[in-house]
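Note sheet for the following structure.
None of the values given here were measured: they were computed from a predicted structure. Naming convention: chains lettered A, B, ... in sequence-line order (proteins, then strands); numbering from 1 in each chain.
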Number of protein chains: 2
Amino acid sequence: MDRFQDLCERLHQKEYKLTPQRKIILRALLNGDDAHLSAEDLYGIVKQQNPEIGLATVYRTLELLAEIDVLQKIDFGDGRLRYELASEEAHHHHHLICTRCGKVLEFEDDLLDSLEQAIQCRNQFRILDHQLKFFGVCKECQIE
Amino acid sequence: MDRFQDLCERLHQKEYKLTPQRKIILRALLNGDDAHLSAEDLYGIVKQQNPEIGLATVYRTLELLAEIDVLQKIDFGDGRLRYELASEEAHHHHHLICTRCGKVLEFEDDLLDSLEQAIQCRNQFRILDHQLKFFGVCKECQIE
DNA sequence: TTTGCTGCAAATGTTTTGCAATATC
DNA sequence: GATATTGCAAAACATTTGCAGCAAA
């Protein structure tokens with residue numbers, strides 16, 4: 001099965017229209033799958049295919065895709081939101097952010113699930129999401 | 001020992017001048033110790049004591065205090081930074097954020113330290129800080 | 001044909017900055 | 001008195017919104 005068509009289908013189901021702009025944005029997202037793209041990043045990419053496209057459309061599409069859980073918003077604390085494809089294996093992963101060069105490593109995590117359970121009970125809080133970030137200095141930047 | 005004088009001393013050591021504005025801001029921070037104040041919040045408080053004070057001064061002072069580790073910046077993802085006093089007991093605590101009413105609960109955490117160790121080794125990343133946030137619906141908002 | 005979508009420009013809201021006046025050390 | 005700090009206004013920046021025209025269904 002094709003990932004792109006799968007996503008198109010998902011828009012269809014939610015009664016959203018499948019415009020050329022949205023298609024271009026979806027393809028760009030699928031291409032740079034490992035990147036943590038900001039709206040501006042994506043705008044740059046997408047404009048090459050269709051210079052007419054507006055930045056507002058990119059923002060609106062990203063918002064929409066996050067709404068229907070195609071994308072996940074991530075915030076590295078650098079003043080702009082970034083987006084990544086929500087992986088079908090609902091496995092949480094988190095980020096190691098180098099405060100010198102801005103590089104981002106990912107790591108898997110299962111460990112947090114039990115903590116989440118405990119906190120949920122103790123505080124009578126219905127937890128919907130969690131976010132874990134480590135800040136530090138990457139291997140390369142330690143040398144310099 | 002007085003916490004306020006301790007902080008004044010700390011500014012002194014770093015060769016920063018002890019202006020009336022900075023004193024007022026420090027006192028306001030010490031007063032509302034449990035709150036997670038944004039720059040604008042603090043500006044509102046501080047203006048009552050000295051209506052002359054400028055918002056830019058508040059921003060500059062908060063930045064300065066975060067720089068010398070008196071304050072910790074926190075980001076609840078609501079589009080503004082917040083600040084809290086970095087507690088002397090270097091105990092990490094984290095936040096439960098209600099996505100409906102914005103309420104914030106705190107919880108202690110030791111559990112993450114071992115995870116931090118493991119990740120540090122595995123990725124050869126020198127970890128300086130971590131940040132854990134849970135998003136969900138608080139007890140009160142679940143009822144409504 | 002209807003309704004949702006787009007591009008543009010203007011508005012928003014937070015934070016930063018330039019600068020001349022001022023206050024601390 | 002030298003230099004850091006202030007207040008103000010303007011700038012910067014990411015993001016959102018109003019709206020008239022356009023396009024997907």
Side-chain angles (χ1 to χ4, degrees), chain A residues 5 7-26 28 36-68 70-83 102, chain B residues 5 7-26 28 36-68 70-83 102:
Chain A
Q5 296 202 347
L7 293 180
C8 291
E9 185 55 32
R10 210 133 136 204
L11 284 180
H12 216 131
Q13 281 168 18
K14 301 272 183 175
E15 317 237 272
Y16 289 120
K17 293 184 176 167
L18 207 53
T19 66
Q21 292 89 335
R22 288 181 180 167
K23 284 189 199 169
I24 290 172
I25 290 170
L26 281 177
H36 305 101
L37 298 169
S38 68
E40 198 76 42
D41 291 341
L42 206 49
Y43 180 54
I45 295 169
V46 138
K47 237 187 344 190
Q48 294 171 356
Q49 266 122 103
N50 178 356
E52 306 284 274
I53 208 164
L55 180 56
T57 299
V58 175
Y59 273 103
R60 282 187 281 232
T61 304
L62 289 173
E63 187 57 41
L64 183 162
L65 293 173
E67 200 65 47
I68 63 173
V70 166
L71 293 179
Q72 172 114 42
K73 293 183 187 182
I74 43 182
D75 179 359
F76 292 153
D78 63 347
R80 80 206 58 190
L81 280 175
R82 294 165 182 287
Y83 298 83
Chain B
Q5 296 201 349
L7 293 180
C8 290
E9 185 54 33
R10 211 132 137 204
L11 284 180
H12 216 130
Q13 280 167 17
K14 301 272 184 177
E15 316 238 272
Y16 290 120
K17 293 182 177 169
L18 207 55
T19 66
Q21 291 89 335
R22 287 180 180 168
K23 285 189 199 168
I24 291 172
I25 290 170
L26 280 177
H36 304 101
L37 298 169
S38 68
E40 198 75 43
D41 291 341
L42 206 50
Y43 179 53
I45 296 168
V46 138
K47 235 187 347 191
Q48 294 172 356
Q49 265 122 103
N50 178 356
E52 305 284 273
I53 207 165
L55 180 56
T57 299
V58 174
Y59 272 103
R60 283 188 279 232
T61 303
L62 289 173
E63 187 57 41
L64 183 162
L65 293 173
E67 201 65 47
I68 63 173
V70 167
L71 292 179
Q72 173 114 41
K73 293 184 188 183
I74 43 183
D75 180 358
F76 292 153
D78 62 348
R80 80 206 59 189
L81 280 175
R82 293 164 183 286
Y83 298 83

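The minimum heavy-atom distance linking B:A39 with B:V58 is given by the pair O-CG1, 3.7 Å. Across B:I25 and B:T57, no two heavy atoms sit closer than the pair CD1-O, 4.3 Å.
A:Y59 meets the ring pair (Phe, Tyr, Trp, His ring centres under 6.0 Å) test with no other residue; sequence neighbours excluded. Legend: residues meeting salt bridge (Lys or Arg N to Asp or Glu O under 4.0 Å) with B:E67, ordered by chain and number and at least two apart, are absent. Residues passing the salt bridge (Lys or Arg N to Asp or Glu O under 4.0 Å) test with A:E63 are A:K73, sequence neighbours excluded. Every salt bridge (Lys or Arg N to Asp or Glu O under 4.0 Å) that B:R82 has, sequence neighbours left out, goes to B:D41, B:D78.
With rounding to the nearest 0.5 Å, the separation of CZ in B:R80 from CD in B:E40 is 8.0 Å. The distance from atom CG of B:L65 to atom CD of B:Q72, rounded to the nearest 0.5 Å, is 13.0 Å.
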> When you look at B:L81 and B:L62, which way does the side-chain contact (heavy atoms from CB on, under 4.5 Å) test go after all the steps?
Replying inline: CA-CA 10 Å; B:L81 280 175; B:L62 289 173; over 6 Å; no
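Residues of residues 15-22 of chain A having a heavy atom closer than 4.0 Å to DNA chain C, listed by number: A:Y16, A:K17, A:T19, A:Q21, A:R22.
Contacts classified as side-chain hydrogen bond (donor to acceptor under 3.5 Å, both in side chains) and involving residues 42-56 of chain A (residues at least two apart or in different chains) are not found. Sequence neighbours left out, not one pair with a member in residues 17-26 of chain A passes side-chain hydrogen bond (donor to acceptor under 3.5 Å, both in side chains).
The span of DNA chain D lying next to chain A, judged by atoms under 4.0 Å from heavy atoms, is bounded 5' to 3' by D:dA14 to D:dA25.
For the helix from C:dT1-D:dA25 to C:dC25-D:dG1, the axis fitted to the five pairs at one end and the axis fitted to the five pairs at the other end meet at an angle of 40° (nearest 10 degrees).
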Side-chain donor-acceptor pairs of residues 9-16 of chain B under 3.5 Å, sequence neighbours excluded:
from  : atom 1 : to    : atom 2 : distance (Å)
B:R10 : NH2    : B:D69 : O      : 3.3

Could you write out each protein N or O paired with an N or O of nucleotides 8-14 of chain C at a distance under 3.5 Å?
from   : atom 1 : to    : atom 2 : distance (Å)
C:dT14 : OP1    : B:R80 : NH1    : 3.2
C:dT14 : OP1    : B:R80 : NH2    : 3.2

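The CG-C1' distance, from B:D41 to C:dT15, rounds to 15 Å in whole Å.
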